[in-house]
Amino acid sequence: MKRLGVNIDHVATLRNARGEYHPDPFQAAKFVKKSGANSVTIHLREDRRHIKDLDARKICSIKDIQVNLEISTRDQIVRNALKIKPNFICIVPENRKEVTTEGGLNLLKNKNKIKKIIKLFKNRKIRTSLFINPSEKDVKISKDVGADCIEIHTGKFANLVKSKKNIKSELLRINRCSKLGFKLGLEVHAGHGLDYKSTKILSKINEIEEFNIGHFIIGESVFNGFDKVIKNFKKILRK
Ligand code: PXP
């Protein structure tokens, strides 16, 4: 059974659209757990466009919920994350102008910095993950810098599935990286842009242990309800 992490950033996006309190990401986090997902993912962006510091602190204080906090490599964000004490962190690239996380980390450029950040969190027994493109070179660097997990960016693959284009070579890249990651002792995760169809295809890759899915779940919940959508994903991941 693969694990499902539900990214609730866009519950905050919806709340922030009105500048008020509803819908509350803290309530959403509790709901995610009740619906049977394994963890909650939140991204504390440098521009705080969705999740705010107080949301992150409140959500991480819920005792029986595993929280995966996505952060950039900025010193201030790293300091905040150390204070917030999530269960897991996932280091992601961040670019102020992007609509969403557009690609994986540039590991070659940021190797030393990332290595130091990983050490800080590992010393506090916080699981560390790196959001990477499906590149075997990046899988190897992830191992070198001491990460516990890799999360493979599935955005390109998901878009190919949505536009009914040929997925063969991108699927092969994800498959090869998953197998290499597993062989090197890294836990393999996948995420970005996933919907039912793309998740179903990737769920056949044995080495992927965790899926982190956000935008589609929140959007689809408008039609089918949060609980039902989470349960549908759990069903897909059970097979
Ligand atoms: N995983 C990571 C590392 C991400 O940055 C994101 C987007 O914030 C997701 C998963 C979820 O992507 P989506 O919202 O497209 O499902």
Side-chain angles (χ1 to χ4, degrees), residues 2-14 16 25 28 32 37-51 55-56 59 66-74 77 81 86-107 114 117 127-134 138 142 147-162 174 177-178 181 186-203 208-222 226 229-230 232-233 236-237:
K2 295 170 187 295
R3 297 195 304 267
L4 173 67
V6 178
N7 181 316
I8 56 170
D9 289 344
H10 296 304
V11 174
T13 304
L14 210 54
N16 299 351
V32 163
N38 304 86
S39 55
V40 168
T41 291
I42 49 177
H43 185 176
L44 188 66
R45 290 189 74 102
E46 290 165 13
D47 62 11
R48 308 296 198 275
R49 70 172 74 151
H50 34 58
I51 292 292
D55 296 320
I59 291 166
Q66 306 269 65
V67 184
N68 176 35
L69 182 67
E70 293 177 3
I71 54 167
S72 72
T73 54
R74 272 279 171 91
I77 289 284
N87 303 89
F88 318 132
I89 59 138
C90 179
I91 305 176
V92 301
E94 223 176 278
N95 159 8
R96 291 283 166 103
K97 293 200 186 84
E98 69 192 0
V99 174
T100 179
T101 318
E102 279 164 2
L105 290 158
N106 183 339
L107 289 183
I114 288 172
I117 298 173
R127 186 190 82 178
T128 60
S129 177
L130 298 179
F131 195 36
I132 63 168
N133 291 316
D138 286 348
S142 301
D148 299 309
C149 322
I150 48 169
E151 179 165 330
I152 299 175
H153 195 303
T154 55
K156 186 173 173 195
F157 172 77
N159 281 338
L160 291 170
V161 174
K162 276 174 219 161
I174 295 175
C177 288
S178 303
L186 293 162
E187 198 177 288
V188 181
H189 306 164
H192 209 280
L194 296 172
D195 58 13
Y196 292 138
K197 199 171 171 190
S198 45
T199 303
K200 198 168 185 172
I201 301 169
L202 293 180
S203 71
I208 302 179
E209 282 191 45
E210 181 178 307
F211 285 81
N212 286 305
I213 307 173
H215 188 269
F216 180 82
I217 292 184
I218 307 303
E220 186 65 8
S221 297
V222 171
F226 208 19
V229 178
I230 291 173
N232 286 343
F233 272 104
I236 291 172
L237 297 179

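Count residues from 1 along the sequence. Side-chain atoms are counted along with the backbone in the values below, which use heavy atoms only and exclude waters and symmetry mates. As the structure lists them, so they are numbered: ligands from 1, and atoms in each ligand from 1.
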Check whether more than 12 heavy atoms from other residues, nucleotides or ligands sit under 6.0 Å from atom NZ of Lys197, and answer yes or no. no
Would you say His43 has any N or O atom under 3.5 Å from an N or O of ligand 1, going by distance alone? no
Side chain to side chain contact (heavy atoms under 4.5 Å, CB included) between Glu46 and Ile77, intermediate numbers included: CA-CA 7 Å; Glu46 290 165 13; Ile77 289 284; 3.8 Å; yes
Please determine whether any non-hydrogen atom of Phe216 lies less than 4.0 Å from an atom of ligand 1. no
Considering non-hydrogen atoms of the protein only, which is the closest contact for atom 16 (O) of ligand 1, and what is the distance? Gly214 N, 2.8 Å
Taking the side chain as C-beta and beyond, is there a heavy-atom pair between Ile150 and Ile132 under 4.5 Å? yes
Which atoms of ligand 1 are found less than 4.0 Å from any heavy atom of Val92? 3 (C)
For ligand 1, find out whether one of its N or O atoms is nearer than 3.5 Å to an N or O atom of Gly191. no
closest protein heavy atom to atom 15 (O) of ligand 1 is Gly193 N, 2.8 Å
Check: Cys177 and Ile174 side chains under 4.5 Å, non-hydrogen atoms: no
Under 4.0 Å from a heavy atom of Phe131: which atoms of ligand 1 are those, numbered in the order shown and with their elements? 2 (C), 3 (C), 5 (O)
Contact (N/O only, under 3.5 Å) between Asn212 and ligand 1: no
Just which atoms of ligand 1 are under 4.0 Å from any heavy atom in Asn7? 8 (O)
shortest atom 3 (C) of ligand 1-to-protein heavy-atom contact is with Glu70 OE2, 3.2 Å
Indicate whether the side chain of Glu151 and that of Asn212 have a donor and an acceptor atom separated by less than 3.5 Å. yes
I need the atoms of ligand 1 closer than 4.0 Å to a non-hydrogen atom of Ile213, numbered in the order shown. 16 (O)
Evaluate the side-chain proximity of Phe88 to Asp148: yes if any heavy-atom separation is below 4.5 Å, no if none is. no
Do Glu210 and Arg127 meet the salt-bridge criterion of a basic N to acidic O distance under 4.0 Å? yes
If you scan protein heavy atoms around atom 7 (C) of ligand 1, the nearest is His192 CD2, 3.7 Å
Nearest neighbour in protein (non-hydrogen) for atom 14 (O) of ligand 1: His215 N, 2.8 Å
Polar contacts were defined as any N/O atom of the residue lying under 3.5 Å from an N/O atom of the ligand; does this apply to Glu151 and ligand 1? yes
Would you say the side-chain atoms of Ser39 and Asn68 include a donor-acceptor pair closer than 3.5 Å? no
If every non-hydrogen atom of Lys2 is compared with every non-hydrogen atom of Ser203, which pair is closest and at what distance? CE-O, 2.9 Å
